[in-house]
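These notes concern the structure reproduced below.
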Amino acid sequence: MIERAQHLAAEARDAVHGASSTADLEEVRVRYLGRKAELPQMLRQVSQLPAEERGGAGQALNEARRAIESAVAGRAAELEEAELVARLERDRIDVTLPGDPVRELGRLHLITQTRREIEDVFLGLGFDVAEGPEVDLVHYNFDALNHAPGHPARAWTDTFYVSEDVVLRTHTSPVQIRAMEAAPPPLYVIVPGRVFRPDSDATHTPQFHQVEGLAVDEDVTLADLHGTLLAFARATFGDEREVRLRPHFFPFTEPSVEVDVSCFQCRGTGSVDGGRCPLCKGERWIEILGAGMVDPNVFGYVREYGYDPERIQGFAFGMGVERIAMLKHEVPDLRLFYDNDVRFLEQFG
Amino acid sequence: MRAPLEWLHDYVRPDLPAAELAERLDMTGTKVERVERHGVGALDAFVVGRVLEAERHPDADRLTVCRVDVGGGAEASIVCGAPNVATGQTVAVARPGAVMPDGTELRAAKLRGVVSEGMILAEDELGIGTDHTEILVLDGGAAPGTPLVEVLPIATDVLELEITPNRPDCLGVYGVAREVHAATGAPLQAPPWSEDPGSAGGVEGVEIEVRDPDLAPRFTARRFDDVTIAPSPPWLKARLMAAGQRPINNVVDITNYVMLLTGQPLHAFDLDRVAGGRLVVRRARDGEEVETLDGEVRRLDPDVVVIEDAEGPTSIAGVMGGARSEVSQDTTRVLMEVATWIGPNIQRTSLRLGLRSEASARFEKQLQPEQAMEAQAVAAQLMVQLCGARLVEGTIDVGGPGPEPAVLALREARVAGLLGAAIPSGRSAEILRSLGFGVADGEVLSVTVPHWRRGDVEREVDLIEEVARIDGVDRLPATLPARPDRGGALSAEQHARRRVEDALVAQGLYEIQGWSFQGPSVADRLRLPEGDPRRGAVRLANPLSEEQSVLRTTLLGSLLDAAAHNAAHGHPDVRLFELGAVYPARADGHVPAAARGPAAERPGAGELPDEARRVGALLCGALAPASWRSPDAPRADFFAAKGALAALLDWMRVPWSVQSAREPFLHPGRCATVLLDGEPAGWLGELHPLVAESWDVQGAAGFELDLDRLAALAAARAARFRDVTSFPPVRQDLAVVLPAEVPAARALDVVRKAGGDLLRSVRVFDVYRGEQVGEGRVSLALALEFQAPDRTLTDEEVAERRTAIAAALAAELGGELRG
């Protein structure tokens with residue numbers, strides 16, 4: 001009986017190894033371990049054996065059964081894996097079909113995206129973000145910014161008027177004054193926002209956006225303006241950029257400068273592929289904003305709020321958000337920003 | 001301002017190519033917009049020639065065949081069409097290869113069978129005049145073969161300058177020469193007005209009265225007799241042409257030439273046509289009319305200054321002369337008037353009359369009285385030299401020169417303190433002197449401001465600008481402000497607004513930027529009734545068009561405009577949002593933030609609108625693009641809009657609810673007021689079909705909220721941790737049958753109240769109306785989740801809450817539990 005069991009175990013092991021599918025294997029299992037199979041029947045007969053034989057026979061038979069079970073289990077794992085591999089191999093899809101998103105993502109408008117990028121640079125440089133009304137007083141928009149009564153910017157052709165004393169702000173600069181009225185120096189703020197001028201063509205829309213900057217402290221210098229705008233230009237247009245200050249004139253800064261960034265398309269060389277650089281038109285520099293040291297006359301308007309022009313000084317700058325976006329993203333026409341065509345919007349944000 | 005280099009070189013001649021000079025000017029504050037080549041090209045091909053023989057063309061009456069000595073023993077056969085060509089003339093010749101002012105290249109050609117090896121030139125063909133009727137006949141001094149450029153200014157580079165409004169002194173060639181001198185160090189020649197042939201004192205036969213000296217600080221006049229009107233010489237015409245002015249006759253050309261040189265406009269009267277020989281400067285009478293040089297009759301008002309003679313106004317001061325006393329071919333006596341006006345007054349007049357001239361453009365920047373006599377001096381030289389005129393003794397001068405020059409202190413430490421880089425006093429003094437300032441050396445420089453900078457340089461900081469720009473602001477170091485106290489940060493509200501944008505983008509909405517202006521008809525298209533506060537739109541006094549004449553009071557108009565634009569371009573399915581300002585006229589008693597604080601006292605504070613920020617969203621058509629797996633996306637409706645709103649507000653952690661309501665632009669049955677923390681803060685709903693139709697959009701729903709309030713609520717609510725993981729929740733479903741008119745939100749309120757602290761959440765997961773629940777009843781299936789933060793709930797505790805919920809639903813709403 002013991003020999004028979006050992007023989008059956010060896011025979012079963014061979015059969016198990018020969019099984020080539022889980023179905024085959026199940027058949028082998030039933031053949032050797034099923035209710036009617038020889039080994040289980042032999043096991044049931046052990047109780048009828050003489051007592052002195054029972055121990056040895058039972059042990060041998062159980063060993064044989066365990067050996068077969070273990071072989072079946074091992075083979076089953078092998079076969080199942082092989083069959084899974086085969087099934088997965090057959091289960092192929094066309095990976096080039098379009099994805100089906102859980103939810104389509106929307107877009108920030110390019111103006112918002114650009115505004116945030118600018119804000120983030122200046123937040124990192126220690127500036128807060130100040131805001132002010134879009135419909136504002138002539139006092140803030142012109143008077144307190146040192147615009148003489150006859151300054152051409154005040155003309156009806158250059159400014160939208162609501163009444164004699166109320167305008168749609170033509171720049172974010174009035175918030176300089178409001179910010180200084182609201183808090184004593186040191187003051188480091190940028191002012192993003194919508195502004196308005198009565199112009200309409202490919203490079204002018206009657207509304208557009210600016211970011212104003214204002215830093216007032218006891219010892220803020222024109223060199224600090226240079227460094228601040230260099231940091232901005234590099235963060236915005238690339239680490240290799242340089243900026244260049246060029247003397248200019250604005251009523252509310254003295255000295256005043258225009259600020260150029262070295263062209264990021266031709267890397268400041270003026271030419272691309274042997275031809276004239278299409279972005280800077282061969283000039284090597286691109287004008288990006290106006291700036292300067294705050295004119296003492298401007299401080300004179302907020303002297304009572306802690307801005308004594310003999311004690312404090314500061315710099316200010318103002319840039320067009322759309323202009324920065326047009327340069328960075330090669331948008332050719334300002335009006336595209338306000339058509340809100342989804343085919344435009346989906347390219348950004 | 002156009003500055004021909006050929007002209008500039010009379011006063012300063014830097015040893016620099018034009019492009020480098022332009023760069024240097026750019027970097028010192030005189031912006032060069034471009035450098036233009038004026039005149040002809042291929043200069044070698046332009047020579048002086050002598051006509052050796054001129055014979056009628058055998059086959060053309062009007063053509064002459066000339067044999068021309070072009071120097072070096074060479075002769076050329078040239079066919080000429082001008083009537084005045086004759087043997088013995090010294091002429092300007094273009095040889096084949098010459099490039100004409102319009103850029104074309106001249107070639108040898110056959111004219112009616114005769115070869116022409118070049119062209120005998122008229123002045124317009126050289127860009128030095130406008131005459132094309134005759135060829136230019138040169139005086140005989142130049143030998144044939146002499147390069148023409150040595151005889152005539154036929155080519156020059158022209159600097160096209162943008163002069164900033166603070167620098168009217170640079171609106172003349174000599175002023176630009178001063179800048180070039182300071183910028184490059186090239187020596188500056190004495191000004192052209194150094195020698196004045198004139199004298200002081202009264203002028204016989206001329207009387208001037210200035211009645212409004214506040215508007216006419218200086219008025220000067222000189223008399224010239226025996227004037228011969230004729231064309232100007234080629235060199236003068238050439239300079240005018242290069243500077244962008246057409247030559248007319250010697251007297252008019254002199255006024256233009258002197259203006260272009262000194263920056264000071266002049267006016268030449270025909271003295272014999274000045275009635276009574278007397279001019280009066282006065283304010284115009286209201287409604288008074290004058291015919292200007294351009295032939296137009298202008299109606300004036302008392303802020304306009306006129307110059308009149310015995311027969312009435314002859315010109316509008318500083319803007320345009322009159323036709324009546326204009327210099328003509330017959331003029332023999334000239335009254336040369338040079339005056340100083342008040343800039344803003346001239347600017348107002350020129351804007352009001354829609355008349356801008358080279359003169360008004362200069363006067364409105366405020367010229368200085370001293371400039372008037374500078375111009376008189378140069379004009380006198382030229383009148384005598386070019387018109388054969390006799391300068392009559394005396395100069396009428398009403399008003400005289402301006403105030404004594406200011407003397408300003410310049411401290412070395414202040415220069416360094418403002419710029420962040422030291423410039424030694426010696427260098428500052430050198431720069432200021434080069435610009436024409438007087439400088440007395442010392443510990444502190446004592447600087448005298450020249451009259452031509454009187455309007456611009458009044459303070460130490462203005463001197464620092466002069467020093468900095470010439471020394472080179474591009475050379476300043478790049479430093480960062482030293483600010484040890486704090487970094488920058490968005491305010492909590494600004495941060496919350498970014499989160500609003502992000503939440504809507506995450507839900508698939510596209511942000512738009514709408515117009516702040518709209519047409520007044522938008523209120524009608526939105527069906528806003530009379531008296532609706534959103535009809536109280538602020539109107540612009542000077543809109544670009546009626547369609548952009550009022551400020552918006554809701555974002556819905558611009559959202560609909562954007563949806564309509566996209567629908568018209570083949571994209572009817574859009575999901576849009578906007579964050580932006582609305583500007584309703586002020587409600588009674590409410591003071592907007594912009595008019596509080598110091599602003600409250602300013603003129604116009606009471607007229608500022610109730611400007612406020614809003615966030616609005618609009619969903620149109622399908623909520624997602626069809627995909628190959630899901631061809632039919634759900635469509636925009638009330639619940640889609642509410643879902644977007646709910647996701648936004650839940651994410652912002654703002655307590656909110658909605659109440660059934662009505663808005664004129666929304667579907668009356670699918671419309672709600674949104675409450676934030678219990679207070680109405682906007683609307684939610686499906687568009688009224690007539691509104692949708694008015695914009696030609698389909699199936700639209702949306703919402704609009706008070707963004708300032710939303711951001712303030714969100715900013716005040718930092719997220720706080722709740723323990724929801726330590727102890728397991730118990731989930732139970734409950735179906736309740738309610739009268740159909742009970743809003744679901746009301747049922748949820750009752751459930752929440754009865755459920756108490758242990759009820760962590762409740763949500764509607766099914767709504768059923770039909771036979772099984774009976775007419776007028778609705779069954780809500782609710783998913784309840786119970787949880788305690790400090791223990792595992794027992795079955796008894798949960799059962800007790802559930803019983804309480806059932807009881808409350810029955811008692812308060814007449815609800816019965818199902819199943």
Side-chain angles (χ1 to χ4, degrees), chain A residues 97 100 103-109 111-112 122-123 126-129 133-135 137-139 149-150 155-156 160-163 165-166 181 186 188 198 200 206-207 215 217 220-224 226-228 230 244-249 254-255 257 293 296 313 337-342 345, chain B residues 26-29 164 166 343-344 347 351 418-421 461-462 465 468-469 473-474 476-481 483 487-490 494 501 504-505 508-513 515-516 538 540-542 544 562 565-566 569 571 574 581 583 594 598 602-604 607-609 611 624 627-629:
Chain A
L97 280 171
D100 196 8
R103 167 145 243 162
E104 292 277 338
L105 279 177
R107 298 288 189 272
L108 284 180
H109 194 282
I111 290 173
T112 302
F122 287 104
L123 287 167
F127 288 72
D128 289 334
V129 176
E134 295 172 16
V135 184
L137 302 175
V138 166
H139 173 81
W156 272 39
F160 285 116
Y161 279 83
V162 168
S163 68
D165 298 314
V166 177
E181 284 181 349
Y188 291 80
S200 193
Q207 71 184 25
D217 214 330
V220 170
T221 66
L222 193 59
D224 290 340
H226 186 196
T228 300
L230 180 63
R244 174 174 93 161
L245 307 188
R246 225 170 354 90
H248 196 65
F249 170 77
E254 184 85 4
V257 292
M293 298 301 288
Q313 58 193 41
F337 288 87
Y338 297 103
D339 283 346
N340 295 307
D341 192 303
V342 292
L345 300 176
Chain B
D26 253 346
M27 295 312 295
T28 53
T164 53
N166 59 325
Q347 186 194 356
L351 263 174
L418 196 68
L419 300 181
V461 65
D462 302 323
E465 173 168 64
R469 72 182 177 91
V473 286
D474 56 325
L476 284 176
T479 54
L480 287 176
R483 55 163 327 191
L490 291 177
Q494 288 161 347
E501 292 162 352
L504 293 170
V505 166
L509 277 68
Y510 280 39
E511 190 197 7
I512 67 154
Q513 294 273 354
W515 292 106
S516 289
V538 172
L540 298 183
N542 54 336
L544 280 183
H565 167 91
N566 282 293
H569 290 80
H571 290 267
V574 290
Y583 323 80
R602 314 262 185 232
E607 299 159 31
L608 289 172
E611 187 174 328
S627 83
W628 58 282
R629 294 203 304 176

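Here the structure is a predicted model, which is why all the values come from computation and not from measurement. Per chain, numbering begins at 1; letters A, B, ... match sequence-line order.
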Nearest heavy-atom neighbours spanning [X] and [Y]:
X: Ser516(B); Y: Gln207(A); answer: N-OE1, 2.8 Å
X: Ala155(A); Y: Leu351(B); answer: CB-CD1, 3.8 Å
X: Ala562(B); Y: Asn340(A); answer: CB-CB, 3.8 Å

Distance-only, no hydrogens or angles: does the [X] side chain make a donor-acceptor pair with backbone N or O of [Y] under 3.5 Å?
X: Asp462(B); Y: Glu254(A); value: no
X: Asn542(B); Y: Trp156(A); value: yes
X: Glu511(B); Y: Leu108(A); value: no
X: Asp128(A); Y: Ala489(B); value: yes
X: Glu134(A); Y: Ala581(B); value: no

> Do Thr221(A) and Leu419(B) pass the side chain to side chain contact (heavy atoms under 4.5 Å, CB included) test, and can you show the C-alpha distance, the side-chain angles, and the key distance before you say yes or no?
Replying inline: CA-CA 5 Å; Thr221(A) 66; Leu419(B) 300 181; over 6 Å; no
Considering only heavy atoms, which portion of [X] lies under 4.5 Å from any heavy atom of chain B: side chain, backbone, both, or neither?
X: His139(A); value: side chain
X: Gln313(A); value: side chain
X: Tyr161(A); value: both
X: Arg246(A); value: both
X: Pro296(A); value: both
X: Val342(A); value: both
X: Leu105(A); value: both

Residue, of [options], that accumulates the most heavy atom pairs under 4.5 Å with chain A:
options: Val538(B), Ile512(B), Thr164(B); answer: Ile512(B)
options: Pro344(B), Ala421(B), Gly508(B); answer: Gly508(B)
options: His571(B), Arg469(B), Glu611(B); answer: Glu611(B)
options: Leu490(B), Asn166(B), Val574(B); answer: Asn166(B)

Any side-chain heavy-atom pair of [X] and [Y] under 4.5 Å:
X: Val473(B); Y: Leu222(A); value: yes
X: Thr228(A); Y: Pro481(B); value: yes
X: Asp224(A); Y: Leu480(B); value: no
X: Leu544(B); Y: Ser200(A); value: yes
X: Met293(A); Y: Glu465(B); value: no

Examine whether an atom of [X] lies under 4.5 Å from a heavy atom of chain A, and if so say whether it belongs to the side chain, the backbone or both; otherwise answer neither.
X: Gln513(B); value: both
X: Trp515(B); value: both
X: Tyr583(B); value: side chain
X: Val461(B); value: both

>> Below 4.5 Å, heavy-atom pairs only: which of Pro186(A), Gly227(A), Ala223(A), Pro198(A) has the largest tally toward chain B?
In response: Ala223(A)
> Out of Tyr338(A), Phe337(A), Phe122(A), which one racks up the most heavy-atom pairs below 4.5 Å with chain B?
Replying inline: Tyr338(A)
>> Could you walk me through whether Asp341(A) and His565(B) satisfy the side chain to side chain contact (heavy atoms under 4.5 Å, CB included) test, starting with their C-alpha distance in whole Å, then the side-chain angles of each, then the deciding distance to 0.1 Å, before giving a yes or no?
In response: CA-CA 7 Å; Asp341(A) 192 303; His565(B) 167 91; 3.0 Å; yes
>> Test of understanding: with side-chain contact (heavy atoms from CB on, under 4.5 Å), list the residues that count as partners of Ala624(B), not counting sequence neighbours.
In response: Ala633(B)
